[in-house]
Trainee: 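What follows is a single structure, and I will ask about it in a moment.
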Amino acid sequence: MNTTLSKPPVFRFAPSPNGLLHLGHALSALLNQDMAKAVGGRLLLRIEDIDPARSTPEFEAAILEDLAWLGLDWEKPVRRQSDHLDLYREALGRLVKMGVVYPAFLTRGAIKTMVETFEQRGKVWPRDPEGAALYPPEERGHSPAQQQRMLASGKQHAWRLDMAKALAMVGETLSWQETGSGPKGETGSIAADPAAWGDVILSRADAPSSYHLSVVVDDALQGVTHVVRGQDLFHATAVHRLLQRLLDLPEPVYHHHRLILGPDGRKLSKSNRDTGIAAFRTAGKTPEDLRRAVL
Ligand code: GLU
C-alpha cells in the first residue's frame with residue numbers, strides 16, 4: 001500500500017491594506033479560490049502591510065469585510081506581514097553577509113535631479129519595466145570601509161540588491177513556469193530578466209522591508225505552491241525568482257491574470273471609489289453579479 005500522502009497545493013491572496021479592494025482584486029481573490037478548489041488546495045489570506053505610511057487597520061477591516069461578502073473562504077489565522085518584520089530583517093542580513101546588497105543613501109529628490117540633468121544632455125537614463133529610473137550606479141562600488149563610514153554617519157538609508165553581483169553569484173539564467181499569461185501573452189516557461197529592474201530596493205529607509213523581499217520570504221514560509229495575481233506583477237516575478245535562488249527558497253508556479261480596466265481604459269486604482277467592491281455591494285448587487293462581471 002502506498003502510504004505517502006502528498007501535501008495539498010497552497011494558494012494565497014495577498015492584498016495591501018492601503019486602499020479599498022476593487023474589481024481587479026475580486027477577480028484575483030475569486031480565481032485563487034476557484035483554482036484552489038479545483039485541485040483540492042488550501043487558500044491563505046496574507047495582509048501585506050509593511051508600508052507603515054500607507055497601511056491602515058481601517059482598510060484591513062474593509063478588506064476582510066469585502067472578501068467575506070464575496071464568499072471567500074480562507075484559512076485562519078490571517079498572516080499580517082507587520083507581525084513578522086524580524087524575518088525579513090533576517091533574510092536581508094543573509095544577503096548582506098553574501099555581499100550582494102549595499103546601503104543606498106540617495107534620496108528620491110537627488111535621483112530625480114541626477115536623471116533630469118543627464119537627460120537634459122540628450123541622453124537616455126535606463127528605466128525599469130514600469131518606467132521608473134534605475135538606481136544610479138555610484139554607491140555600488142563603495143568599499144566596505146566607505147560603507148561603514150556612511151552607515152556610522154547615521155544618515156537614513158535603504159538596502160539595495162547589487163544586481164550584477166547577484167546575477168554573477170547565481171551564474172545561470174533563471175526562469176519560471178507560467179500557467180496564466182504575461183501582458184504580451186507570454187506563457188509556459190518564461191526566461192526571467194531581473195536585470196531589467198536594476199538594483200532593486202530590498203529594505204526601504206522608511207519601511208523595514210520591501211515588497212519583493214517580504215513576498216518571497218512569506219511565500220516560502222507559508223509553503224505557497226501557486227501564486228495567482230494580476231499581470232501588473234508579471235515582470236516583478238523575475239526579481240522574485242532571483243531572490244528565491246539567492247535565499248535558497250522553493251519555486252512556486254505562477255499564474256498571472258488579466259487586469260480589469262476602468263471606463264477610461266486604465267488600470268483600476270484603489271482610490272477610484274466607483275469600481276470598488278464596496279461600491280458594487282452598496283449598489284445592491286450580489287456576489288454572484290460580481291463573479292459574473294469579473295470572471
Ligand atoms: N500585495 C500586492 C498587492 O496588493 C500583491 C502581492 C502579490 O500577490 O504578490 O498588489
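Numbering of ligands and ligand atoms starts at 1, following listing order. Computed from a prediction, not measured in an experiment: that's the story for all the values here.
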Trainee: Is Phe13 near ligand 1, meaning one of its heavy atoms is under 4.0 Å from it?
Mentor: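 Flag not set, Phe13 not near ligand 1.
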Trainee: Looking at ligand 1, does any of its N/O atoms fall within less than 3.5 Å of an N/O of His25?
Mentor: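 Between His25 and ligand 1 (N or O atoms, distance only) the closest approach is not under 3.5 Å.
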Trainee: Would you call Arg12 a ligand 1 contact, heavy-atom distance under 4.0 Å?
Mentor: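 A heavy atom of Arg12 does come that close to ligand 1.
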Trainee: If the cut-off is 4.0 Å to any non-hydrogen atom of Val215, which atoms of ligand 1 fall inside it?
Mentor: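 Here the atoms of ligand 1 in question are 9 (O).
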Trainee: How about His240 and His212: are their ring centroids closer than 6.0 Å?
Mentor: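 Yes - the distance between ring centres of His240 and His212 falls below the 6.0 Å cut-off.
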Trainee: Quick one: does NZ or CZ of Lys285 land under 6.0 Å from the six-membered ring centre of Phe280, within 45 degrees of the ring axis?
Mentor: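 Yes, a cation-pi geometry.
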Trainee: Using a cut-off of 6.0 Å, state whether more than 12 heavy atoms not belonging to Asp248 lie near its atom CG.
Mentor: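 At most 12 heavy atoms, drawn from other residues, nucleotides or ligands, come within 6.0 Å of this atom.
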Trainee: Does ligand 1 have a heavy atom under 4.0 Å from the side chain of Asp232, from its backbone, from both, or from neither?
Mentor: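 No part of Asp232 comes within reach of ligand 1.
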Trainee: Taking the six-membered ring where the residue is Trp, are the ring centres of Phe234 and His257 under 6.0 Å apart?
Mentor: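 Centroid distance Phe234-His257: not below 6.0 Å, so no.
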Trainee: Just verifying a value: how many Å separate His255 NE2 and Phe11 CZ, rounded to the nearest 0.5 Å?
Mentor: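 Rounded to the nearest 0.5 Å, the NE2-CZ separation comes out at 9.5 Å.
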Trainee: Which residue supplies the protein heavy atom nearest to atom 5 (C) of ligand 1, what is that atom called, and how far is it?
Mentor: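 Going by distance alone, atom 5 (C) of ligand 1 is nearest to Ala14 O, 3.3 Å.
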Trainee: Once you measure the plane-to-plane angle for Trp159 and His157, does it fall in the parallel (<30°), tilted (30-60°) or perpendicular (>60°) bin?
Mentor: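 Geometry flag for His157 against Trp159: perpendicular rings.
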Trainee: Indicate yes or no: does an N/O atom of Leu233 lie under 3.5 Å from an N/O atom of ligand 1?
Mentor: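 No: no nitrogen or oxygen of Leu233 is under 3.5 Å from one in ligand 1.
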Trainee: Run the salt-bridge test on Arg127 and Glu119 with the 4.0 Å N-O cut-off and return the result as yes or no.
Mentor: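 Glu119 and Arg127: salt-bridged.
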Trainee: What atoms in ligand 1 come closer than 4.0 Å to a heavy atom of Tyr211?
Mentor: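 Reading through ligand 1 atom by atom, the close ones are 6 (C), 7 (C), 9 (O).
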Trainee: Can you figure out which of Arg46, Arg229, Glu48 has its heavy atom closest to atom 6 (C) of ligand 1?
Mentor: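 That would be Glu48.
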Trainee: Minimum distance, heavy atoms only, to atom 3 (C) of ligand 1: which one of Gly19, Ser16, Ala236, Gly24 is it?
Mentor: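 When every heavy atom of Gly19, Ser16, Ala236, Gly24 is considered, Ser16 comes closest to atom 3 (C) of ligand 1.
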